[in-house]
Every structure is written in structure tokens, then in C-alpha cells.
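Below: the structure, in C-alpha cells.
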Amino acid sequence: MIWVDTIAQGILLGGLYALFASGLSLVFGIMRLVNLAHGDLIVMGAYLILVLVTLLGISPFLAVFIAMPLMFALGWLLQRYLLNRTLGDDILPPLLVTFGLSIALQNALLEGFSADSQRLPTSALTTASVNVGPITLGIMPLLTFGSAVLVIVALNQLFYRTELGRAFRATSDDATTASLMGIKPANIFATATGIAMVIVTIAALYLGLRANFDPNIGPARLIYAFEAVIIGGLGSLWGTLLGGIIIGVAQTVGAAINPEWQILAGHIAFLVVLLVRPRGLFPRAHD
Amino acid sequence: MALLQTHGLVARYGDFQALFGVDIMLNEAETIAIIGANGAGKTTLMRSIAGVLRNDAASVLLDGKPIGTRPAEEIMSQGVAMVPEGRKLFPSLSVEENLLIGTYGRKIGGHWTLETVYDLFPILRERRHSPGTALSGGQQQMVAIGRALMSNPRVLLCDEISLGLAPVVIKDIYKAIPQIKAAGASLIIVEQDIAQAIAVADRVYCMMEGRVTLSGTPDTLSRDDIHNAYFGAGH
């Protein structure tokens, strides 16, 4: 029975990794931009929620709704006035600029908040659990997984049921021809990054409630996000969720065998999938 | 006043100059044909008018106002639409989504709606949920034309709409031109197929090596004039 419990915990952990990865997947899927600062932006989101909680004395679950529009605006401006300038046939400029952004963010957070680790204030909810048959599931991991599924359902609805979604897909296919339809690719890319930052904020909430964070943990979150995106197939949102689950299950199973193997098991699962399906489990048909 | 005009239009790709002072004029309710061999600069002229290539402000005029430096999305919102060479359908969009993207961000009134486009090309109604790129070349061209029409343009730029299509399909596509004109659009048709272009045009411009070498109405241009302007007098 311990294995059922281990796998269930892994699936729920996969929800957190899917949240880390969804924003990255969205941005890559639309503009082929690999944002190396993604993990640091998640950490920055956690600090923003912490500041709001401290200043306003409100619950993190309330603070996240104030943080989301702020992060959207930051993402929109970042893409519109910095990252759009790096897009083109050469993939190196966006990598260099987002790498620089990552370092700048880490140092700014160190300067502003010190290297001390922080945590969002917890409540009874964070330690509550529910019995499902023979296994016990934490409310917080369930909320995290539910949020990941909701985010992916919402993104799919946005992509396939709205005019903005059509514009996202058209611009992703061919930005020049999209501009002949009256679409402004620069604004579409900025909106996509804004939405990615809203997801980053949700990921930041659960990161901050689940564990301690400090200015230097961004790159490790980026690696989990990358692995989930690549396992799922670049640009596939449901694939990203599955990628997160595969890493989560591999980590919990690895930890159950030997606690030292937890992180390594996730990376090995990633390498195995990469070996068997180099383009991921659900690659886009027309890349 | 001309609806659309180019004045001494010059275009370059890096160091390579593709257009050398091109002057053309399109009047309201008129169809003009731009003919010329490969490399004559026809597509570059279309891309310059559409704003894909930027020019001097006053080198392209719409309603007498300079638009040469405006980006494509702004020019399209002023009533210009383009059927690009090679159709350029969006692979991740269905036929119907490809048509709907032609109205992006705008509430557009006018003759052309999904229903009237489907009436013009009935096969598209049957294939509305198929991926745009799963269609035959002729059907894809119909989608590309329908997509441009969805914005109810005043000026429709058609770049090589017969390229790579079977003669019977070309005939079907060209059958739609009178209906498009009747709905109020003025057209610039770029073609290598001289006979087809001349059959629907009110005026013809012939281009060679980035310059207009001949212009006139179809009935005033002789076969030899066109031949010389198309290939050069030495041929």
C-alpha cells in the first residue's frame, strides 16, 4: 500500500512542477523564447506575495490576487520593451538576455531581502489532510494539483475558444503573415508573457506555502520546469502536466527507495524519456 | 484622387536594391494587374505596399495620405488586405479559424462574412473544421482569399494567386474576381499568367528588373509591347 501512497504523493507533487512549467511552456510555444529567468521570476513572485502579506496583513491566498495583475504588468512590459528586441532567427540573444536577467533578479532579491530563507505564513489549511481510501492526501498538495489542472484547462480554453487564442496560434505559426491580418505580434508576445507571469504567481504561492525560499533557488525551479516541458513536448500544455507528474512520481518513488535518490530519480526519468522520445511525449505536429 | 498610389518607390533587401522608383496608381473600383517575370520585383512591390517592407513615408499613399513607414497591422486596419504569395495559411488553425483571423480585433461591417465567403467558395463550408493546410492547393488559395475578404477591404492585394495551381482550378479562382469587385473592393493582382491577368484587369503594369517598363489598358497594349516589356526588347 505504501507504493500507492508514494505514487499519489508523486502525482500531486507533479502539479507543482506543472505550475512551474506552464508559463515556460506557454512562452516557448508562442514565441520560441527560452526564458532562463523563469525560476527567478517564480521566486520574485513569492517575495511579492510575502511583501503584500506582511504589509497588508492578509492571507497569501488573498495576496496572490493582488500580485497577479502586478506580475502581468511586469511581464507585459518586460516582453514588450526588452525581450521582443531579442527575438529573431538567432536563438542566442534571448538566452543571453534572460540569463543576465536571472543574475540581476537574484542579486536584486539578495540586496532587498538578504540570503535568509523565508516562508509564506501557514494556516491550518496547509497542514490539513483528507483520507481517500487507504491513503492520506494533504489539502495543500491537492489544491496545488487542482490549480495546475485548472490553469491548463483555462489556457486550453483561451487557446482554442477565444479570438486572442487564435491570434496566439497564428502569430506562433507566422508572425509576418499574422501582421497582415491586423495582429500586432509585439503586443501578442507581451500579452503571452503577461499571462505566463500570472501563472508564475500561482506557482509562487504554492512554492512559498510548501517550502522555504531564498533568492538563490530560482535556477533549480527552472530545471524542473524545463524537464517537465521537454518531457511533455515543447509547447504542449497537457504534455507539460504529464511531464510534471512523471518527474514528481520519479522523485517520490526514488525517495521511497532511498531518500538520497529523490532529486536524482527525477533527472533520470527525464533522461530516459529524452532517450526514448527525443521530441517529448506530445510534440507539436508542425514545428 | 487615387485610392492607392506609389511614388518613386524604392525597396532594398540589405545591399540588394529590388525596386527602382516604381510609380503605380489604383483608382476606386478598379482592378490593376502587375505582370512580369520571376525577379521583376512584383512581390516586393506588394510587400512594400502592405507594410511588410518599410519605405519612405510619401512613397506609398492611401487616400492621399502617406503610409510608407506604417507597419503592416496598421495598414491592414485602414482597409488594405493581402493574399500573400504561397497562401501562407496558419497550420495550427482550422479553415474556419483561418477565415476568422482575418477580422482579428475589429468589428467589421460589410458584405463579407463567414456565410458570404462560404457562398463564394462552397467547398470551404464542407471543410470548415479541417486544418487549413490539409486542403488541396486550390482550396488553400480559396481560404487565403476568403481570409483577406473577411476584413472587407477597400484594397485587395493578390500576389500570384494562380501559382502552382492546375488550369481548371485557376479558372475557378478567377471566377470569384468579378464578385469581389462587385462587393466594393479595388484589386491589385500580381501575376505571371499574362492572359489571366489581362482578362480581369482595367489597367496593366508590366515590370522588369525592379522598374515599370510598360503600362496601359489591355485594349491599347499589343502582344509585342507586352512581350518586349516582360522579357526586354532584345528577346
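Each chain gets a letter, A, B and so on, in the order the sequences are listed, and its residues count up from 1.
Nearest heavy-atom pair across B:L93 and A:A170 is CD1-N, 4.0 Å.
For A:R85, the CZ atom sits in a loose shell: 12 or fewer heavy atoms of surrounding residues, nucleotides or ligands are nearer than 6.0 Å. With a 6.0 Å radius and a threshold of 12 heavy atoms from other residues, nucleotides or ligands, A:F99 has its CZ atom at or below the threshold. Counting heavy atoms of neighbouring residues, nucleotides and ligands inside a 6.0 Å radius, atom CG of A:L96 exceeds 12 of them.
Interface residue A:T177: backbone and side-chain heavy atoms are both found under 4.5 Å from chain B.
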- [ ] Could you walk me through whether A:M181 and B:F90 pass the side-chain contact (heavy atoms from CB on, under 4.5 Å) test, one step at a time?
- [x] CA-CA 11 Å; A:M181 306 298 121; B:F90 299 110; 4.0 Å; yes
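In this structure, the separation between CE on B:M76 and NZ on A:K184 is 13.5 Å, given to the nearest 0.5 Å. One distance of note links OH of A:Y160 with OG of B:S92; it measures 7.0 Å at 0.5 Å rounding. In this structure, B:I101 CD1 and A:L180 CG are separated by 12.0 Å, a value rounded to the nearest 0.5 Å. Distance check, rounded to the nearest 0.5 Å: OG of A:S179 to CD of B:E74 gives 12.0 Å.
For the pair A:E163/B:Y104, a side-chain contact is recorded, criterion being any heavy-atom separation below 4.5 Å from C-beta on. In this structure the side chain of A:R166 reaches within 4.5 angstrom of the side chain of B:L100, judged on heavy atoms.
The residues B:E97 and A:R169 are annotated as salt-bridged, a charged nitrogen and a carboxylate oxygen being separated by less than 4.0 angstrom.
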